[in-house]
2 protein chains.
Amino acid sequence: MSRGHPEHSAARRRHHAVIFAALGDETRLALVTALATGEAQSISRLTAGTRLTRQAVTKHLRVLQGAGLVRGARHGRESLFELDPQPMKEMQEYLGRVSQQWDEVLLRLKAHVES
Amino acid sequence: MSRGHPEHSAARRRHHAVIFAALGDETRLALVTALATGEAQSISRLTAGTRLTRQAVTKHLRVLQGAGLVRGARHGRESLFELDPQPMKEMQEYLGRVSQQWDEVLLRLKAHVES
DNA sequence: TCATATTGCAACCTCCAGGTTGCATGATAA
DNA sequence: TTATCATGCAACCTGGAGGTTGCAATATGA
């Protein structure tokens with residue numbers, strides 16, 4: 001199964017899986033959307049948009065933070081979270097590579113058939 | 001929290017979450033990679049690359065199928081699975097929109113500061 | 001026809017993600 | 001100083017994800 005640098009690709013795959021998994025939840029996607037406005041927001045403010053508890057939102061933010069999608073820092077008595085678009089761009093490239101590979105395969109196949 | 005067409009965006013978000021969640025697993029990413037070579041492959045063949053049971057792989061394939069990332073069809077006694085790159089391209093665009101929105105916000109912010 | 005290969009179905013197990021509640025703690029406005 | 005606001009921590013609960021095993025059914029090659 002495509003072993004060029006087994007440990008390398010395994011670690012990369014694991015990393016990608018973590019980020020995808022972090023994005024693979026409705027609530028967390030909503031949080032990302034809320035933070036995409038640019039403004040860093042506090043936990044209670046982010047909770048206001050949901051029907052969940054503050055603790056639930058906090059856990060989701062921790063997951064996003066663990067995946068590097070979000071950075072958090074305390075300011076006074078509230079802790080503000082802001083988006084970090086880097087991982088999303090990374091995954092965008094990843095998806096691009098895979099689907100592009102697929103397209104190239106189709107082209108080769110077509111060329112082979114027509115020859 | 002960004003309510004333009006509440007039901008619409010909620011349904012879209014749910015859809016996106018399902019696809020991201022399907023990609024958010026190391027084993028399933030490996031399967032996607034294996035299928036990205038273009039060749040449709042049988043369950044037992046896909047299992048050969050793993051340390052898992054055939055049943056486990058089957059379940060993962062069902063998940064991928066449920067997200068539309070993969071299509072399966074029986075051929076004789078074996079059922080072959082092939083990739084469908086469409087959802088991946090969809091998610092690629094999604095990620096592009098979000099990070100682009102972020103970049104635009106930063107530009108506006110910068111312009112505002114310098115004015 | 002018969003042994004074998006490939007799959008499907010179903011029951012079962014374990015663990016953790018997602019969620020809640022209750023209480024303690026630090027920052028703030030009045 | 002004090003009441004209040006925002007958060008952190010910890011215990012707890014529940015359902016489903018991920019995995020295995022066993023058995024039945026269908027295709028296929030010899």
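Numbers restart at 1 for each chain; the letters A, B, ... are given by sequence-line order, proteins then strands.
- Taken together through direct or relayed side-chain contacts under 4.5 Å among Ile, Leu, Val, Met, Phe, Trp and Tyr, B/Leu69 and B/Leu46 form part of one hydrophobic cluster.
- Atoms CG and CZ, on B/Leu29 and A/Arg12 in that order, are 11.5 Å from each other to the nearest 0.5 Å.
- Checked for salt-bridge contact, A/Arg13 and B/Glu26 miss the test: no charged N lies under 4.0 Å from a carboxylate O.
- The distance between atom CG of A/Leu61 and atom C1' of C/dG18, rounded to the nearest whole Å, is 14 Å.
- An end-to-end axis angle of 30° holds for the helix from C/dT1-D/dA30 to C/dA30-D/dT1, taken from five base pairs per end and rounded to 10°.
- Taking every heavy atom of residues 64-79 of chain B and every atom of DNA chain C, pairs under 4.0 Å involve B/Arg74, B/Arg77, B/Glu78, B/Ser79, by number.
- A salt bridge between B/Asp103 and A/Lys89 is present, with a side-chain N of the basic residue lying under 4.0 Å from a carboxylate O of the acidic one.
- With rounding to whole Å, A/Arg62 atom CZ is found 16 Å from C/dG19 atom P.
- Mapping heavy-atom proximity under 4.0 Å, the span of DNA chain D touched by chain B runs 5' to 3' from D/dG18 to D/dT28.
- Put simply, the side chain of A/Arg14 never gets that close to the backbone of A/Ser9: no donor and acceptor are under 3.5 Å apart.
- Atom CG in A/Leu23 sits roughly 12 Å away from atom P in C/dG18 (whole-Å rounding).
- The CD atom of A/Glu90 sits 5.0 Å away from atom NE2 of A/His15, with the distance rounded to the nearest 0.5 Å.
- Map B/Ile43 and B/Lys59 each onto its nearest nucleotide of DNA chain C; the residue landing nearer the 5' end is B/Ile43.
- Under a 3.5 Å cut-off, the side chain of A/Thr53 and the backbone N or O of A/Ala56 do not form any donor-acceptor pair.
- Going from atom CD of B/Gln55 over to atom C1' of C/dC12 covers 13 Å, rounded to whole Å.
- The line from CG of B/Leu61 to CZ of B/Arg71 is 14.0 Å long, rounded to the nearest 0.5 Å.
- Not a single donor-acceptor pair, N or O on each side, falls under 3.5 Å between the base of C/dG18 and the side chain of A/Arg28.
- B/Arg28 contributes a side-chain N or O that, together with a main-chain N or O of B/Ala22, makes up a donor-acceptor pair within less than 3.5 Å.
- For A/Thr27 and C/dG18, the shortest distance from a side-chain N or O to OP1 or OP2 is not below 4.0 Å.
- Linking ILVMFWY side-chain heavy atoms closer than 4.5 Å, directly or via other members, places B/Leu95 and B/Leu106 in a single hydrophobic cluster.
- Counting non-hydrogen atoms under 4.0 angstrom, B/Ser44 reaches the backbone sugars and phosphates but no base.
- Per the geometry, CZ belonging to A/Arg54 stands 12 Å off C1' belonging to C/dT25, to the nearest Å.
- Rounded to the nearest 0.5 Å, atoms CG (A/Leu31) and CD1 (A/Ile43) are 10.5 Å apart.
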